[in-house]
*Asks:* 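So that we are looking at the same thing, I have put the structure below in structure tokens.
Letters A, B, ... are given to chains in the order of the sequence lines, protein chains preceding strands, and every chain is numbered from 1.
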Protein chains: 2
Amino acid sequence: MNKPARKSRSGARRSVTIKDVARYAGVSPMTVSRVVNGGQYVSDATRQTVMQAVRQLGYSPNLAARNLASARGERMGLLYGNPSASYLSEFLVGALDAATRHGVQLVLEKCEMTPAASRRAVRRLVAGGVVGVVLPPPLCESAVIRAELQAARMRIVAVAAARPPADVMCVSIDDFAAAREMTRYLLALGHTRLGFIKGHPNQTASEERWRGFTAAVQEHGNLPTPRVEQGFFTFRSGLDAARKLLSGAPLPSAIFASNDDMAAAVMAEAHRRALEVPNDLTVVGFDDSLIAANIWPGLTTIHQPIAQMAGEAVDLLVASVRGGKRGAAAEPVHRLVAHELITRESAARPKSAAA
Amino acid sequence: MNKPARKSRSGARRSVTIKDVARYAGVSPMTVSRVVNGGQYVSDATRQTVMQAVRQLGYSPNLAARNLASARGERMGLLYGNPSASYLSEFLVGALDAATRHGVQLVLEKCEMTPAASRRAVRRLVAGGVVGVVLPPPLCESAVIRAELQAARMRIVAVAAARPPADVMCVSIDDFAAAREMTRYLLALGHTRLGFIKGHPNQTASEERWRGFTAAVQEHGNLPTPRVEQGFFTFRSGLDAARKLLSGAPLPSAIFASNDDMAAAVMAEAHRRALEVPNDLTVVGFDDSLIAANIWPGLTTIHQPIAQMAGEAVDLLVASVRGGKRGAAAEPVHRLVAHELITRESAARPKSAAA
DNA sequence: CCGGGGGATGGTAGCGATACCAATCTAGGG
DNA sequence: CCCTAGATTGGTATCGCTACCATCCCCCGG
């Protein structure tokens, strides 16, 4: 009936369990559990004692056991296409942090934007026991993927989809307001001949940014028509757009690219044409991606709190999965987070204004 | 004595468990477990039957339960400083993938390179129940952090430390060979006046790359002494170094920067001086980081399989923690992975050679 | 003075899987 | 033909924690 010293399995030092804490604090394991989980129905005195014991023994609950007992421990998926690596990096940090906080596992899955690839990816996710998926851009815009996912009865949180369908949860910044703010900033500097490079047309954020730009232009009034080129968020497409923008007769004095990669391309092209940034040309971007600070001059741009957004997305997912388990699916939440205009060296007053 | 329909907890559809499979296949749960875990001592016939049942029922083992029962589910830490975001991104993907494969949790922790910050970070890791840590660069070079970690009895795997101490596990590429290869490539193109920008002196990889460079130069023999500048892996430091390299009288015809960020800086500076890359100046980097393909012209550089390295690091860690549990700590493993020279547009034959 | 409501706590029974050992069966060696 | 070794399989006891229910206690209204 006695057990000599445990089966010698984990031979070394077993970690401290809830029972140890309970014994140490002179209460039952249940009470410890309640304290640790912030349950109600625990007297303050007891709570203090237990917390003391917890600290004393350095107790940290065993996630596996907790998950098992509470039928938690769902796996969440993170389906990514090919956002820029720096975006993904920050995104992962935020998502993983939140996942750890909630004790859920995060499963990464890469996926091209073709229907076949989507289907395969979703199948892998399902096979992996994933119950909810975070969709960073640009995947969050793909109707195919969303349909595929919804067919598999997954919960979805889209991140940075500017105008998500009403039936999916979403975390994003206000692209419209951000672009308007940036444009107002350019106008406030005194620029009048503006150039704009649109983002990829398959992302709603592109359109919001464009709308924000035009809104600011219109509210200012009395400006020459801005020159606009279509881009696709890639460096390459930015280069093409820049070439066109910088060849017409009245050169723009400021170019607003819908993301940083394209803005970097504009700067490269400007250099090639011996235009100095920001003296001859102001260039601003959007996203505050890694490259923004790693080129010279540093890029004035809009900062998105990517990690935070990813974290909130996971929060939402977890809440939805846990909350929705019993009752009906909760109303899809759309959450906005704050952006920030970062000024670096690539924007200045136009020469003509100074002259 | 009967239980009506389970306590109604997970109200919805319970997922299929090992018992369901066992019943379906007409064997005991134990046998199923053995099959699923690739154990020995199972007849082929039984194995077939069970696998069939597994597929039929779409069974996927419950990680939480498995971890609990096998005293697994350790948490692994990933302590990162500030490597470039793209590096971190790929690193995370690889590490997380491996972690999921092994059913361990990955805990991220950020940490500055000061002793105080290190201590704090390690304390947090310990508090989080982490038993092993992956150390990407540049943290893998910090003796302070290593000491701190070892004091907390953590297993460590350093990644991309070119010359790690003998007592820690390590995954890296052969920086020496890679740099030599790149240098040979430049020499083969016909370059003779070489410039080199060293990496941060606190990283052993820097020195290996430098050694690789000089080795190639010496084996070629009969060359003017290369011009060398000290850099620190940052764009900024690359700019400073480039300025010096490009101001002396006999301009180098090719510059080998110890990483891509610095190479990008060289290109920026070259542009500013109206030197065309690669016609007037060949520039090559190291790392194949995101920026390498996102500037124009694309950067010829050395590719490291970062995700794979991160994955192997986690593998090593898991193996060490699980294997070393009973016996003595295994011999520290040093694992080399293959690099690759990526040629893009930034390198060409020197003009003088063509002339 | 008693019954009852609700706060605070303890007891019990698993969650789904594996570790260990016992039981059974098969094949050879002596 | 018996006996041991090894292959194959099943049974049992947890792993550490939490859900649910049963207590227990204190305070109040009737």
*Asks:* Quick one: what's the B/S/- string for nucleotides 6-11 of chain C, heavy-atom cutoff under 4.0 Å, read 5' to 3'?
*Replies:* -SSBBB

*Asks:* With heavy-atom distances below 4.5 Å as the criterion, would you say the side chains of A:Arg155 and A:Val134 are in contact?
*Replies:*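 Heavy-atom side-chain distance check fails, nothing below 4.5 Å.
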
*Asks:* Looking at A:Asn67 and A:Ala64, would you say the former's side chain and the latter's main chain have a donor-acceptor pair under 3.5 Å?
*Replies:*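 No; zero donor-acceptor contacts below 3.5 Å.
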
*Asks:* Taking 4.0 Å as the cut-off, does a side-chain nitrogen or oxygen of B:Ser33 come that near to OP1 or OP2 on C:dT18?
*Replies:*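 Answer yes for this pair, as a side-chain N or O of B:Ser33 is under 4.0 Å from OP1 or OP2.
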
*Asks:* Quick one: A:Asn67 CG to C:dA17 P, roughly how many Å, whole number?
*Replies:*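 Roughly 14 Å, once rounded to whole Å.
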
*Asks:* Between B:Thr46 and B:Ser43, do the side chains contain a donor N or O and an acceptor N or O under 3.5 Å apart?
*Replies:*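 B:Ser43 vs B:Thr46: donor-acceptor pair found between side chains.
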
*Asks:* Please give, in whole Å, the distance from D:dC15 C1' to A:Lys19 NZ?
*Replies:*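 About 9 Å, once rounded to whole Å.
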
*Asks:* To check you understand the geometry: which heavy-atom pair defines the closest contact between A:Gln105 and B:Val104, and what is its length?
*Replies:*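 Looks like NE2-O, 3.8 Å.
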
*Asks:* Could you tell me whether the side chains of B:Gln52 and B:Gln48 share a donor-acceptor contact shorter than 3.5 Å?
*Replies:*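 The criterion, which ignores hydrogens and geometry beyond distance, is not satisfied for B:Gln48 and B:Gln52.
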
*Asks:* Measure the spacing between CG of A:Leu108 and OH of A:Tyr80 and express it to the nearest 0.5 Å.
*Replies:*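 Rounded to the nearest 0.5 Å, the CG-OH separation comes out at 5.5 Å.
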
*Asks:* Once you round it to whole Å, what is the distance between P of D:dG16 and CG of A:Asp20?
*Replies:*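 Answer to the nearest Å: 9 Å.
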
*Asks:* Measure the distance from OH on A:Tyr59 to P on D:dG16 and round it to the nearest whole Å.
*Replies:*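 In whole Å, D:dG16 P lies 10 Å from A:Tyr59 OH.
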
*Asks:* Taking the side chain of B:Arg66 as heavy atoms from C-beta outward, which of C:dA17, D:dA19, D:dC17 is closest to it?
*Replies:*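 Within the option list, the nearest is C:dA17.
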
*Asks:* If you check every side-chain atom of B:Asn37, which of D:dG16, D:dA19, C:dT18 has the closest atom?
*Replies:*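 Nearest nucleotide to the side chain: C:dT18.
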
*Asks:* Provide, to the nearest angstrom, the distance between the CG atom belonging to A:Leu68 and the P atom belonging to D:dC15.
*Replies:*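 Those two atoms, CG and P, are 13 Å apart.
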
*Asks:* Between atom CG in B:Leu57 and atom P in C:dG16, what is the gap in whole Å?
*Replies:*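 Interatomic distance, CG of B:Leu57 to P of C:dG16: 14 Å.
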
*Asks:* Could you give the CD1-to-C1' distance, from A:Ile18 to C:dC15, as a whole number of Å?
*Replies:*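 After rounding, the reported distance stands at 15 Å.
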
*Asks:* Output the rounded distance in Å from CG (B:Leu63) to P (D:dC17).
*Replies:*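 Those two atoms, CG and P, are 18 Å apart.
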
*Asks:* Taking the side chain as every heavy atom from C-beta outward, state whether A:Arg34 and A:Thr31 have any pair of such atoms under 4.5 Å apart.
*Replies:*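 Side-chain contact under 4.5 Å: yes.
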
